[in-house]
**Student:** 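I have a structure here, written as structure tokens, and I will follow up with some questions on it.
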Amino acid sequence: MTEATSTPTPQAARPLPADWRDFYALTKPRVMSLVIFTGLCGLLAAPGSIHPVIGFTAIFCIAIGAGGAAALNQWWEADLDAGMKRTAQRPLPDGRMAREDARNFGILISAASVGIMGVAVGWLAAAILAVSIVYYAVIYTIWLKPRTPQNIVIGGGAGAFPPMIGWIAVTGDVTLMPILLFAIIFMWTPPHFWALALFVQSDYAKVGIPMMPVVKGEASTRKQILIYSVLLVPLAASPWFVGGAGAFYGIIALALSLAFLALSVPVATRRAVEGDTMKPEKRLFAFSILYLFALFAVLVVDRVADYQGWPIPGVNL
Amino acid sequence: MTPEEETEIRRRQKSRNLVVGGVLFFFVILFYAITIVRMGD
């Protein structure tokens, strides 16, 4: 994949003015829901308090920042999206929107998210939000995705910023805990995505994106899923080890991570055969989503229970 | 441009204008609330 193939080209004929629903679709609302959840968890788990209006503004800025980055991603990858069944119906490849409209919309809401975050919440949170947008839209989308099969590993960083930003919105500084929350999502992304990549026939190879199962093969991908799952076990429990969360969180995090590991072992030790139903891969993928939601929800319960003095055993630091 | 296209463009412009109006109203409320909170700091 060369840069030339993904460089935006002028439209031959300008389509009809886009419907507002197309702008909404450009923000990848389903991805945004995970971003909102993890950002909110970071905000709620952080020590200290934040006014509800400022907290709402922080989450709103994280959400529209992610939406802006998603719009810029689709602006840049419109040609690639047109060549893949899964993405061909998006507003740009489907011809429902002019390309420059998507770019301008992406820039506008990205800039608005950073500006509002800076003015209303704090400039450190705004700076990290800006880094996360540039990381996804430029470093991941434009630079690394078409060049390396490690794109998912690196791209995982983009999804790992929201809890860190939510945390910093409350505390105003970068400490070990938000870095650990970042690292947990970073380490979770490769096994989550590669489990999906093993059972979904994607068109990435057709458009020249070097995804791991295509470039390094299925066996290598399965082995790497296991490696990341092993690393996730101590990492997920590390907030407990460093004294950032209680035993309540630590023990549940260990149990969830060991279940994740147990589900990744059959994925790593098998090979798909003709007509394979790919049950272990589907099971791991489904559990990985539940895992992340549960892990962050438990962290919030652990921290809020400690701050509020709720009688839950193991939450006190 | 056909009359059908003309009608569709007008319909889209109208719905977009309504959404933009709603978004601007939301921002008015949001900035008002932020200002009140910040003044209390």
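We use all heavy atoms of the structure for the numbers below, so side chains are in, but hydrogens, waters and symmetry mates are not. A quick note: this is a predicted structure, and the numbers were derived from the prediction, not measured. Letters A, B, ... are given to chains in the order of the sequence lines, protein chains preceding strands, and every chain is numbered from 1.
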**Student:** Which N or O donor-acceptor pairs, by atom type, sit under 3.5 Å across chain B and chain A?
**Tutor:**
residue  : atom : partner   : partner atom : Å
Arg11(B) : NH2  : Asp19(A)  : OD1          : 3.4
Arg12(B) : NH1  : Pro17(A)  : O            : 3.0
Arg16(B) : NH1  : Ala18(A)  : O            : 3.0
Arg38(B) : NE   : Ala120(A) : O            : 3.1
Arg38(B) : NH2  : Ala120(A) : O            : 2.4

**Student:** Nearest heavy-atom pair of Ile54(A) and Val37(B): which atoms, and what distance?
**Tutor:**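 That would be CG1-CG1, 3.8 Å.
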**Student:** Sub-4.5 Å heavy-atom contacts with chain B: which residues of residues 155-164 of chain A show up?
**Tutor:**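 Heavy-atom contacts from residues 155-164 of chain A to chain B are absent.
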**Student:** Sequence neighbours excluded, which residues qualify as side-chain contact (heavy atoms from CB on, under 4.5 Å) partners of Val23(B)?
**Tutor:**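 Scan of Val23(B) (side-chain contact (heavy atoms from CB on, under 4.5 Å), adjacent residues dropped) gives Val19(B), Phe27(B).
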**Student:** Can you sort out the partners of Leu124(A) under side-chain contact (heavy atoms from CB on, under 4.5 Å), two or more places apart, ordered by chain and number?
**Tutor:**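 With neighbours one apart ignored, the set is Ile128(A), Ile168(A), Val174(A).
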